[in-house]
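Report on one structure; see the data block that follows.
The structure displayed is predicted, hence computed values, not measured ones.
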Amino acid sequence: MFIAKGCFMSLSVCMIVKDEEEVIARCISCVKKFADEIVVVDTGSADRTVEEVKKFTDKIYFFKWIEDFSAARNFGIEKASCDYVMWLDADDVISEENCRKIKELVDGVNFDMAFLPYAAAVEGGEPTFVYYRERIFKRSQNYRFSGAVHEAVAPHGKIVYCDAVILHKKIKSGEPLRNLHILQKQIARGICLNEREKFYYGRELFYNGMYRESIAVLEDFLRGDGWIENKIEACLNLYRAYMAIGDEKQALNSVFRSFLYDKPRSEACCILGGYFFEQNSVNCAIYWYQSALSSESNAKEGAFVNLDFSGFIPSIQLCVLYDRLGETEKANYFNEMAGSFKPNDERYLYNKKYFESKLKN
């Protein structure tokens, strides 16, 4: 069915929460600007989360936590009644402008699933770590989450992209071993992890300092038929894991292995630039940092994209490298480029004074 502009559609926002009394009101205050219905699923709060939620909506439900994020999210979706469903976390924040964009998207475009940028880190008011997530979907299409951790909805149907940014703004640290333990319990119960879960399991092992175990899992993942973006990231995680155990050769092989899947990513280029920088191989380092600057962002493909790797980091490093070569004007040029990304960064400001003094002489 074609939905003409002006044929307004309704939107349910679904959330799962637990012990979020410090942030839940902040999130729902944003949501109420565009949502027709707010559905909150509490998985066992011991604080005042439920009382805070009741100030905004009476559609609060209780779900016994079974160590499965998809089960909790799908329970919430089943309680939704609007044309479209949108999911959020309790510590997400949406600006006034982006609230407006979401409202306009739902009211004006016919789609089955909408991808929106998710900013997991911000510096100077600008997102630095961004990836697109399947954020809003048509309820009639019966989309459902899968995966006990790092849950996701398989995309299909008419897909659109919207630039309304969702900011993930934590104020407290999470449980570092939570996801790892959930996956390990699944394995102990004889559940065979699919390729996506295997990737995240290897990543959780890495994040928790279990480098050799991470290497084994990620190498096994690379032998499978997983998603290309996950394979590229697995290669870069393997670089860091191999470096952590002192295997430099395998670490470098892992970075170059990522090139087999697609064009070099800016992060991979910066890793190589940093490696040759440490080796004092100036020309090689310059080559890779310049490659990082010229690489295109692939955020819309679902990859985790740290924008610093295609902007500030290669710029500031090129500044240092050209200064080492005595090419002051080039060094200053790249320092100013770094400043265009982070005008208040101490390194840029220090270099700016340095070059102002040097270029006067």
Might you confirm whether atom [atom1] of [X] has over 12 heavy atoms from other residues, nucleotides or ligands at distances under 6.0 Å?
X: E296; atom1: CD; value: no
X: K33; atom1: NZ; value: yes
X: F63; atom1: CZ; value: yes
X: R48; atom1: CZ; value: no
X: F56; atom1: CZ; value: yes

Under the rule for side chain to side chain donor-acceptor pair (under 3.5 Å), what residues qualify as partners of [X], not counting sequence neighbours?
X: S81; answer: E37
X: Y348; answer: E336
X: D163; answer: K101
X: R196; answer: none

Quiz item: Does the pair R324 and N280 meet the rule for a side chain to side chain donor-acceptor pair (under 3.5 Å), with working shown?
Solution: CA-CA 10 Å; R324 283 188 183 180; N280 202 31; 3.2 Å; yes
Salt-bridge test for [X] and [Y]: reply yes if a basic N is under 4.0 Å from a carboxylate O, no otherwise.
X: K170; Y: E22; answer: no
X: E233; Y: R203; answer: yes
X: E327; Y: K358; answer: no
X: R100; Y: E96; answer: no

Quiz prompt | Residue from D107, I94, N98 passing side-chain contact (heavy atoms from CB on, under 4.5 Å) with F34 | solution =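 When side-chain contact (heavy atoms from CB on, under 4.5 Å) is applied between F34 and each of D107, I94, N98, only I94 qualifies.
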Practice problem: Using side-chain contact (heavy atoms from CB on, under 4.5 Å) as the criterion, point out the one residue from K169, K172, H168 that pairs with D91. | Solution: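 Only match with D91 under side-chain contact (heavy atoms from CB on, under 4.5 Å): H168.
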Verify the ring-centre separation between [Y] and [X]: is it less than 6.0 angstrom?
X: Y84; Y: F137; value: no
X: H150; Y: F199; value: no
X: F69; Y: F145; value: no
X: Y132; Y: Y118; value: no

Quiz item: Can any side-chain N or O of S70 pair as donor or acceptor with the backbone N or O of S146 at less than 3.5 Å?
Solution: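 Present.
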Side-chain touch [X]/[Y], heavy atoms, less than 4.5 angstrom:
X: E78; Y: R139; answer: no
X: L11; Y: D83; answer: no
X: L272; Y: F256; answer: yes
X: V23; Y: D92; answer: no
X: V153; Y: M113; answer: yes
X: I60; Y: V39; answer: no
X: Y201; Y: Q184; answer: yes
X: Y261; Y: C235; answer: yes

[X] side chain to [Y] side chain, donor-acceptor N/O pair below 3.5 angstrom:
X: N230; Y: Y200; answer: no
X: K330; Y: N335; answer: no
X: E248; Y: Y275; answer: yes

Quiz item: Please walk me through it: do I136 and I102 pass side chain to side chain contact (heavy atoms under 4.5 Å, CB included)?
Solution: CA-CA 9 Å; I136 305 173; I102 292 169; 4.1 Å; yes
Output the distance between atom [atom1] ([X]) and atom [atom2] ([Y]), rounded to the nearest 0.5 Å.
X: F277; Y: L321; atom1: CZ; atom2: CG; value: 5.5 Å
X: F334; Y: L318; atom1: CZ; atom2: CG; value: 5.0 Å
X: F276; Y: S281; atom1: CZ; atom2: OG; value: 6.0 Å
X: Y333; Y: S315; atom1: OH; atom2: OG; value: 8.5 Å
X: S254; Y: N237; atom1: OG; atom2: CG; value: 10.0 Å
X: E20; Y: R26; atom1: CD; atom2: CZ; value: 9.5 Å

Quiz item: C269: what forms a side chain to side chain contact (heavy atoms under 4.5 Å, CB included) with it, not counting sequence neighbours?
Solution: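 By the side chain to side chain contact (heavy atoms under 4.5 Å, CB included) rule, C269 matches P264, W288, S291, A292.
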Exercise. Dump the intermediate steps for salt bridge (Lys or Arg N to Asp or Glu O under 4.0 Å) on R240 and E267, then the final yes or no.
Key: CA-CA 12 Å; R240 298 182 176 96; E267 183 176 356; 2.6 Å; yes
So, for [X] and [Y], which heavy atoms are closest and what is the spacing to 0.1 Å?
X: S258; Y: I232; value: O-CG1, 4.1 Å
X: L105; Y: C162; value: CD2-CB, 4.0 Å
X: I182; Y: E67; value: CG2-O, 3.5 Å
X: G147; Y: E197; value: CA-OE2, 3.9 Å
X: F206; Y: S214; value: CB-OG, 3.3 Å
X: I66; Y: A71; value: CD1-CB, 3.9 Å

Exercise. Let me see the working for Y143 and D112 under side chain to side chain contact (heavy atoms under 4.5 Å, CB included), right down to the final yes or no.
Key: CA-CA 10 Å; Y143 291 102; D112 294 316; 3.2 Å; yes
For residues 217-228, which side-chain donor-acceptor pairs fall under 3.5 Å, sequence neighbours excluded?
residue	atom	partner	partner atom	Å
E219	OE1	R257	NH1	2.8
E219	OE2	Y242	OH	2.7
D220	OD2	K198	NZ	3.0

Practice problem: Would you check, one step at a time, whether the test side chain to side chain contact (heavy atoms under 4.5 Å, CB included) holds for V17 with V41? | Solution: CA-CA 6 Å; V17 301; V41 175; over 6 Å; no
Exercise. Give a yes/no verdict on a cation-pi contact between K79 and Y61, requiring under 6.0 Å between NZ or CZ and the six-membered ring centre and an angle within 45° of the axis.
Key: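 Here K79 passes the 6.0 Å and 45° test against Y61.
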Exercise. Decide side chain to side chain contact (heavy atoms under 4.5 Å, CB included) for L180 and L205; before the verdict, give the C-alpha distance in whole Å, the side-chain angles of both, and the deciding distance to 0.1 Å.
Key: CA-CA 7 Å; L180 179 61; L205 289 166; 3.7 Å; yes
Self-check item: CA sep, side-chain torsions, deciding dist, call: R178, E204, salt bridge (Lys or Arg N to Asp or Glu O under 4.0 Å)
Solution: CA-CA 9 Å; R178 181 195 63 191; E204 292 293 338; over 6 Å; no
